[in-house]
Amino acid sequence: MRIPEEVILDIKYKNPIEDVISPYVALKRSGSKNLKGLCPFHSERTPSFTVYPESNSYYCFGCGAGGDAVTFIKNIENLDYIEALKFLANRAGVTIPENRYDDSIIKLKQRLYEVNKETAKFYYENLFKPSGKWVLDYFKSRGLKTETITHFGLGAALGEWDSLIKHLKSLGFKIDEMLQAGVIAKSSKGTYYDRFRNRSMFPIMDLQKHVIGFSGRCKPGEEKNGGKYVNTNDTLIYKKSHNLFGMNFAKGNCKDGIVLVEGNMDVISLHQAGITNAVAALGTSFTEEQARLIARYTDLITLVMDSDEAGIKATNRAIGILSALGIKTKVVNVPSGKDPDEFIKLNGGDAFKKLIENASGDTDYMLFKLSKDYNLEIAAEKISFLNKAAEYLSGLNDSLAIDYYAGMLSDKYGIQKSTLLLKINEYKGKNKNKAKKEAIRNIINPKINRAYVNPYKNRNNRICNSEELILNILMKHPEVIDYNGLDENVFISEIAKRIYLSIKKLYSKNTMFDIALIESEYTNEEIGYITGIFVNNSNNVQNFKELIKDAVDALKEESLNLNDKDINNMDNSDWERYMQNIIDKKVNKDG
Ligand SMILES: [Zn+2]
């Protein structure tokens, strides 16, 4: 069963593309019709993410992501097609007729949320049982107030192997649902057991405040048996690398940015001390997805990391990821190498707020870290350091900042500021060449490239250009579908053939072409490819019938080339194309 087309279109047109996208991407006018912003799907500094209000679509010239409001919500909210439609329907107040579509996945997700919610409740209630008292005592010993424990929904997993299973069974949940939620596990003998035992429990919530997973800390003193922390593995509703502990609370309190700390316990004690914009990565190193999640709410992050070697590495990594997304970073070094949690206990929350206010920018931090690699007493090493520093500063986009730091280094290390600036400019020139080369490479071979969706793109651009031109005209001029000599056999690449057939099917029902109507038949990358063709502006051309004729002729000629050329007489590029054709056909048939 599926949602009727008129409902899909109704949902789509009650959700203007710019309104849907603007909460996630800062959009600026570009020309008279379109809008531009930094792509939320790949890292970039200059906007190539374009929104087309006229055709209700978007396309990124950097990475090839594209589609309509449904595609966008699917990707940015991590939803499937039906969920994205529901999300948009809800946003615009459209009612989707019930029971017309397959919603088994949505129902399963709903059940998994329920399992997690009831599990969290169960753990919480355990705190007040005699066998769970040690956990409550532990939380109190860490300085947590009762209201903090309730606010975060903390709890206790007891020692038995099946207390949670029994409890959830009594509430009517099936073993399979518990397994899929990740709260129980299956032994090699085929029996089931509670995944978390003898642990203090921290529920993980998504932005809508559903409990989606757990992080369990072992009893103090038992760190060696079975790991200090056990976390829920990825499930249908939980992806470790896409979530941040505390983000559900922090997202509403981040007008001064987000504070990133290492552990769940740090997050909780910071919140208790009034620093309610603190979050932590969930037992993983900081990921690009997590950075994107933060970038939706703020462009400033304060990193509070341990000052051991692992912490420094993690900090450098995070700065790299964040600055690539255009997020400003500051770094806090907690004095005398303490955890934020310990520091607050000793000095109070206000002292920690001061640390955040006075945090140095990432440039100070990077220069400081860089200086640690050299023995600055030795002239040769000092020169190497200043060279490295100049190279680093040449990458900054802010000329005022460059001037400031050149001055600072000149004062500190007794070198002429002008000499340093000269060196920085030298590096800047090199960077520019590098950036140019990179840009060219990206055009030839974009990251989620067209070649990936259409393997012909790199092999034979002539074929692809002709195909794309025909499809573009077809999308906008339904009458062309009846053009004599145009059928699916004209198309050489498999994806073009599929798109042609989709368009033909729509027209046979007297429906106009609309990405929303074919959305569910293609992958996200393919929808990006289709949108790239769709937003191309050749619809202004008057003589499109002639263009179609040329393109169809070109394709027919190419396809003769591919089939009939004597293999012995092929040159290398023909041979490659011929082989690729065979491979493509095989791949498309097999997969
Ligand atoms: Zn992009």
Side-chain angles (χ1 to χ4, degrees), residues 15-31 33-79 81 84 239 241-242 286-299 320-328 397 434-455 457-458 464 468 472 495 515-516 519 522-537:
N15 283 287
I17 188 88
E18 63 271 39
D19 295 354
V20 171
I21 292 180
S22 60
Y24 305 93
V25 179
L27 294 172
K28 289 203 182 91
R29 287 253 144 232
S30 158
K33 290 184 198 157
N34 304 330
L35 301 128
K36 263 190 171 180
L38 290 172
C39 179
F41 304 116
H42 87 282
S43 307
E44 61 175 6
R45 284 172 187 276
T46 38
S48 44
F49 182 83
T50 312
V51 173
Y52 303 87
E54 251 182 14
S55 60
N56 257 302
S57 53
Y58 68 94
Y59 186 71
C60 172
F61 290 89
C63 70
D68 59 6
V70 187
T71 330
F72 185 82
I73 289 302
K74 236 165 74 182
N75 287 315
I76 200 108
E77 292 285 346
N78 224 341
L79 303 175
Y81 175 66
K239 268 207 183 72
S241 59
H242 286 64
F286 190 68
T287 65
E288 211 175 306
E289 287 83 8
Q290 290 168 333
R292 292 225 171 88
L293 182 63
I294 291 175
R296 272 154 60 179
Y297 297 98
T298 179
D299 58 1
I321 293 173
L322 291 161
S323 64
L325 288 175
I327 300 173
K328 289 191 281 296
N397 277 329
K434 231 198 257 167
K436 240 187 238 160
K437 274 186 201 149
E438 175 85 19
I440 292 169
R441 209 175 313 129
N442 276 337
I443 292 167
I444 298 171
N445 198 10
K447 272 186 208 145
I448 308 172
N449 55 29
R450 288 169 162 225
Y452 168 76
V453 173
N454 189 351
K457 198 77 197 164
N458 280 349
C464 293
E468 288 168 12
N472 174 280
I495 178 81
I515 290 164
E519 184 110 35
Y522 292 88
T523 65
N524 291 334
E525 288 78 15
E526 288 168 345
I527 288 291
Y529 179 71
I530 295 169
T531 312
I533 296 173
F534 183 61
V535 299
N536 209 322
N537 251 340

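In listed order, ligands and their atoms are each counted from 1. Excluded from the calculations below are hydrogen atoms, water molecules and symmetry mates; all remaining heavy atoms, backbone and side chain alike, are included.
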query: Any side-chain heavy-atom pair from Phe61 and Lys36 closer than 4.5 angstrom?
result: no
statement: Sorted by chain and number, protein N/O/S atoms nearer to the Zn ion (ligand 1) than 2.8 Å are Cys39 SG, His42 ND1, Cys60 SG, Cys63 SG
message: With a 4.5 Å cut-off on side-chain heavy atoms, are His42 and Cys60 touching?
response: yes
field: salt bridge (charged side-chain N to carboxylate O under 4.0 Å, His left out): pairs with one or both residues in residues 55-71, sequence neighbours excluded
entry: Lys12-Asp68
field: Sequence-distant partners of Phe286, ring-ring contact (aromatic ring centres under 6.0 Å, His included), two or more places apart
entry: none
message: Determine whether Phe72 and Phe41 satisfy the following criterion, ring-ring contact (aromatic ring centres under 6.0 Å, His included), listing intermediate values before the conclusion.
response: CA-CA 10 Å; Phe72 185 82; Phe41 304 116; 5.7 Å; yes
field: Pairs satisfying salt bridge (charged side-chain N to carboxylate O under 4.0 Å, His left out), at least one member in residues 15-25, at least two apart
entry: none
